[in-house]
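Some notes on the structure that comes next.
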Amino acid sequence: MTAPILQISGVGKRFGGFVALDGVNFDVAQGERVGLIGPNGSGKSTLVNCICGTLQNETGTVTFGGRAMNGLVAHERTHLGLARSFQLPRPFVSMSVADNIRVPLMYTVATRSGHHLSHSELGDHCHELLKLVALEAKAGHRVQDLTQVEMRKLELARAVAAEPKLLIADESMAGLSHSEVEDIVSLLLQLNERGITIIMIEHIMRAVMRFSQRLVVLVSGKKIADGEPQAVVQEPEVVRAYLGQ
Ligand code: ADP
Ligand code: MG
C-alpha cells in the first residue's frame, strides 16, 4: 500500500458563527477517482478551498504528498501539484484560447524548474493541451466566442497546464447537455489514465456514477458516507439527505 496522496483529517471551517465544515476526515489514494457529492451548501466548495489554500481551515490538517499544508497559500500548493477548476470558469477573457493556456504553462515551468520555455516548446506544449481537450480549432479564437462546454474544457486544460498530481473538478458539468456531460467525463477519465488523481464534485449522478471509484457524501459540513458508489447511493441516510430530494 502506498501512502495516500491526500489526507483530510478533522478539517473544520467556520464563517462567523456558521459551521461550514465540521471535522471532515477522508483519504484519497494515488491515482484514485473520488466523487464528492452532497446538497447545495453542504460545504463541498469550502472543503476544496481548504484543500487548495484559498481558505485556511481552523481545525484539522490537510496533508498532500505526505506534507502538511497548514499555512501554505494557494500558489504554493499549486506548485506542489494541487490544481482545481472553478465552478464558474475564470479565464482571461481578453486573451485568445491558446494564450489562456500559455500563461499557466510558462508560469509552471518557470516556477518548477527556473528555466523558460522557448517559443516553439511553448507552442508544442500548448498544442498538445488544446488537442487533449479538442480545442485545437479554437486556438486563435477569443475566449468570449467559446460555447459553455468549450469554456469548461479550457478551464480543465488550464488546470492541467499546471501539471497537477491531484485535480479537483468543482461542478465542471453544470448546465451542459447529456452529450457534453459525457465529453467532460471522458476527458476526466483520460486525465486520470495519464496518472492524475481526481476528485469530482458533481450533482449529475449519471456522471458521478460513471466516473467514481469511490463516493464521499457531505451533508451540513459533515461526512455521512464514504465507500463503494453502488453501496453509498443506497444508504438510507444518503437517500434521505440528498438523493431523495
Ligand atoms: P457547496 O459547495 O456544497 O454548495 P459551499 O461550500 O459553497 O457549499 O458553502 C457551504 C456553506 O458555507 C453555505 O451555507 C455557504 O453560504 C457558506 N459559505 C461559503 N463560503 C462562504 C464565505 N466566504 N463566507 C460566508 N459563508 C460562506
Ligand atoms: Mg460548490
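The figures that follow rest on heavy atoms only: side chains count, while hydrogens, waters and symmetry mates do not. In each ligand, atom 1 is the first atom listed, and ligand 1 is the first ligand listed.
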So the atoms of ligand 1 within less than 4.0 Å of a heavy atom of Asn40 turn out to be 4 (O)
Drop me the distance from Glu171's CD to Ile204's CD1, to the nearest 0.5 angstrom.
8.5 Å
Under the 3.5 angstrom rule, does the side chain of Arg77 hit a backbone N or O of Met69 as a donor-acceptor pair?
yes
Can you sort out which atoms of ligand 1 are near Pro39, meaning under 4.0 Å from one of its heavy atoms?
3 (O)
Is the shortest distance from a heavy atom of Ser42 to ligand 1 less than 4.0 Å?
yes
Hey, is there an N, O or S on Thr46 sitting under 2.8 Å from the Mg ion (ligand 2)?
no
Does Gly221 come within less than 4.0 angstrom of ligand 1, counting non-hydrogen atoms of the residue?
no
Under 3.5 Å donor-acceptor, Ser118 side chain and Glu121 backbone:
yes
Quick check: does Phe18 get an N/O under 3.5 Å from an N/O on ligand 1?
no
Is Gly41 close to ligand 1, meaning an N/O of one under 3.5 Å from an N/O of the other?
yes
Under 3.5 Å side-chain donor-acceptor pair for Tyr107 and His79
no
Looking at residues at least two apart in the chain, or sitting in another chain, which of them share a salt bridge (charged side-chain N to carboxylate O under 4.0 Å, His left out) with Lys222?
Asp22
Go through ligand 1 atom by atom and flag the ones less than 4.0 Å from a non-hydrogen atom of Thr46.
5 (P), 6 (O), 9 (O), 10 (C), 19 (C)
Give every residue pair that meets the side chain to side chain donor-acceptor pair (under 3.5 Å) criterion with at least one member in residues 29-39, sequence neighbours excluded.
Glu32-Arg214, Arg33-Asn192
